[in-house]
Amino acid sequence: MEYKFEGRKDSGPMWRGTEEATAKFKELQYTEADFYDHFPCFTSAKNISRFISFYELYKKTLGISGHIAEVGVFRGAVSFFFAKLALLHEPAGLTLVHGFDWFREPDGSTPAYPSPAYYYEPYERISTTVNVQGYQNHLLIHKLNVLTELEDFFKENDYLQFKIVFLDAGTYDLVAKCIQEFWPRLSVGGIMIFDQFNFEVAPGETIAAREFLPEDAVIRTLPNGWMPTAYVIKGERV
Ligand SMILES: C[S@@+](CC[C@H](N)C(=O)[O-])C[C@H]1O[C@@H](n2cnc3c(N)ncnc32)[C@H](O)[C@@H]1O
């Protein structure tokens, strides 16, 4: 994809590690444990900013009642991060993380990157990763097509209420459906987070947000953040 606007700025020294650096890390014989335990040595400043943003937003919702949802889970980095934050900050609380994804392998008809359908994680692998760490009662992975099955999921589980909803499957249809289903279930004071608001890689996300969020929603961004690019605190007025 050739970028005209935000995509051109999204490069340079803050960008993810280069292939050259990755090859060098291999050559230097770091162990797998080094990559887990000393991850700031290797991961990019932008990736660190991503997780700091989620932490900042999570902290704003402490004391607000509701679960945490991620739509578009992929490998689960963000869902796991929220589940681990909830364990640290709400050890006796009943806050759950609900991850929604169809875990569908791309085929010949799948649109190319940056389409959200391009990303693929096998459901069995992420489930095993949840279970082997003992998170099966903290992080619930729902394998469903958000476009066609989310509505029924909420008919069956109508009481569910959220304090954070993170949207990371940025086509118009998906974001439109998610705002319609999740906004009424988001507690006042809770936060809807947009990964690629006003970013040309996912123009449909901005258009759906413009159409389906309340007109007076205050769309904020984190000053030191990268992606997610925007968030809305339900009930906030300027
Ligand atoms: C950009 S990835 C999510 C990345 C993830 N949030 C992260 O931070 O690592 C988009 C995800 O949306 C999922 N997806 C795309 N279309 C979907 C649909 N109709 N229903 C459910 N999930 C869908 C894909 O399987 C993919 O895992």
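Bear in mind the structure is a predicted one, so any value in this text is a computation, not a measurement. Below, all heavy atoms of this structure are taken into account, side chains as well, without hydrogens, waters or symmetry copies. In listed order, ligands and their atoms are each counted from 1.
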Report yes if some heavy atom in the side chain of Tyr123 is under 4.5 Å from a heavy atom in the side chain of Ser127; otherwise report no.
-> yes
Q | Asp107-Ser109 side chain donor-acceptor pair, cut-off 3.5 Å | A | yes
message = Could you check whether Asn47 and Ser44, counting side-chain N and O atoms only, form a donor-acceptor pair closer than 3.5 Å?
response = no
Describe, in one word, how the ring planes of Tyr172 and Phe212 are oriented to each other, choosing from parallel (under 30°), tilted (30 to 60°) and perpendicular (over 60°).
tilted
Hey, any chance Ile207 and Trp183 share a hydrophobic cluster, counting ILVMFWY side chains that come within less than 4.5 Å of each other, even indirectly? yes
Nearest-contact summary for [atom] - protein heavy atom, Å:
atom                    : answer
atom 8 (O) of ligand 1  : Arg50 NH2, 2.8 Å
atom 14 (N) of ligand 1 : Trp102 NE1, 3.5 Å
atom 24 (C) of ligand 1 : Pro116 O, 3.2 Å
atom 13 (C) of ligand 1 : Asp101 OD2, 3.3 Å
atom 4 (C) of ligand 1  : Asp168 OD2, 3.2 Å
atom 20 (N) of ligand 1 : Val146 N, 2.9 Å

Contacting atoms of ligand 1, where contact means under 4.0 angstrom from a heavy atom of [X]:
X      : result
Leu174 : 16 (N), 18 (C), 19 (N)
Leu144 : 20 (N), 21 (C)
Ala169 : 12 (O)

Proximity of [X] to ligand 1 by residue part, where a heavy atom lies under 4.0 Å:
X     : value
Val71 : neither
Val73 : backbone
Glu70 : side chain

Ranking Leu147, Asn145, Val78 by closest non-hydrogen atom to atom 19 (N) of ligand 1, top hit is Asn145
Can you confirm, on distance only, whether ligand 1 has an N/O atom lying under 3.5 Å from any N/O atom belonging to Gly72?
yes
Backbone N/O of Gly190 and side chain of Ser187: donor-acceptor pair under 3.5 Å: no
Salt bridge or not between Asp195 and Arg50? Use side-chain N to carboxylate O under 4.0 Å. yes
Taken in chain and number order and not counting sequence neighbours, the residues that satisfy side chain to side chain contact (heavy atoms under 4.5 Å, CB included) with Trp102 are Arg104, Ala117, Asn145
Can I get a per-line list of side-chain donor-acceptor pairs under 3.5 Å for residues 82-98, giving both atom names and the distance, sequence neighbours left out?
{"unit_1": "Lys84", "atom_1": "NZ", "unit_2": "Gln133", "atom_2": "OE1", "d": "2.9"}
{"unit_1": "Glu90", "atom_1": "OE1", "unit_2": "Thr95", "atom_2": "OG1", "d": "2.4"}
{"unit_1": "Glu90", "atom_1": "OE1", "unit_2": "Lys163", "atom_2": "NZ", "d": "3.2"}
{"unit_1": "Glu90", "atom_1": "OE2", "unit_2": "Tyr58", "atom_2": "OH", "d": "2.4"}
{"unit_1": "Glu90", "atom_1": "OE2", "unit_2": "Lys163", "atom_2": "NZ", "d": "3.1"}
{"unit_1": "His98", "atom_1": "ND1", "unit_2": "His142", "atom_2": "NE2", "d": "2.7"}

